[in-house]
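Here is the structure we will look at, set down as structure tokens.
Please read all numbers here as calculations on a predicted model, not as lab measurements.
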Amino acid sequence: MPRSMNGSADGSTKTMGVLTIGGLVVVTAYTVALGSNGWLWFGWVVLGLITLAMVATRTS
């Protein structure tokens, strides 16, 4: 894989990681302020799984 493509893959994985952590903060704040919403938590879990898949494919 050319170096430039690998660099962009690393960047997109880092972006997904930041979005996942940011999403956790937002969902937690929403839960504290307004009560739990199962769909928000489900969405965050899906986002986390996608991020983990990106990390796994990057390292292999």
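- Between the side chain of Trp44 and the main chain of Thr20, a donor-acceptor pair closer than 3.5 Å is present.
- For the atom pair CG (Leu19) and CD1 (Ile50), the distance works out to 11.0 Å, reported to the nearest 0.5 Å.
- Considering only heavy atoms from C-beta on, Asn37 stays 4.5 Å or farther from Phe42 through its side chain.
- Across Leu47 and Met16, no two heavy atoms sit closer than the pair CD1-CE, 3.5 Å.
- The cluster map of Ile, Leu, Val, Met, Phe, Trp and Tyr, joined by side-chain heavy atoms under 4.5 Å apart, puts Val46 and Leu40 in different clusters.
- Both Val27 and Leu24 are members of a single hydrophobic cluster when ILVMFWY side chains are connected at heavy-atom separations under 4.5 Å.
- Val32 and Val26 end up in different hydrophobic clusters when Ile, Leu, Val, Met, Phe, Trp and Tyr side chains are linked at under 4.5 Å.
- Cluster membership check: Tyr30 does not share its hydrophobic cluster with Val25, using side-chain heavy-atom separations under 4.5 Å among Ile, Leu, Val, Met, Phe, Trp and Tyr.
- Rounding to the nearest 0.5 angstrom, the gap separating the CE atom in Met54 from the CG atom in Leu49 is 13.5 Å.
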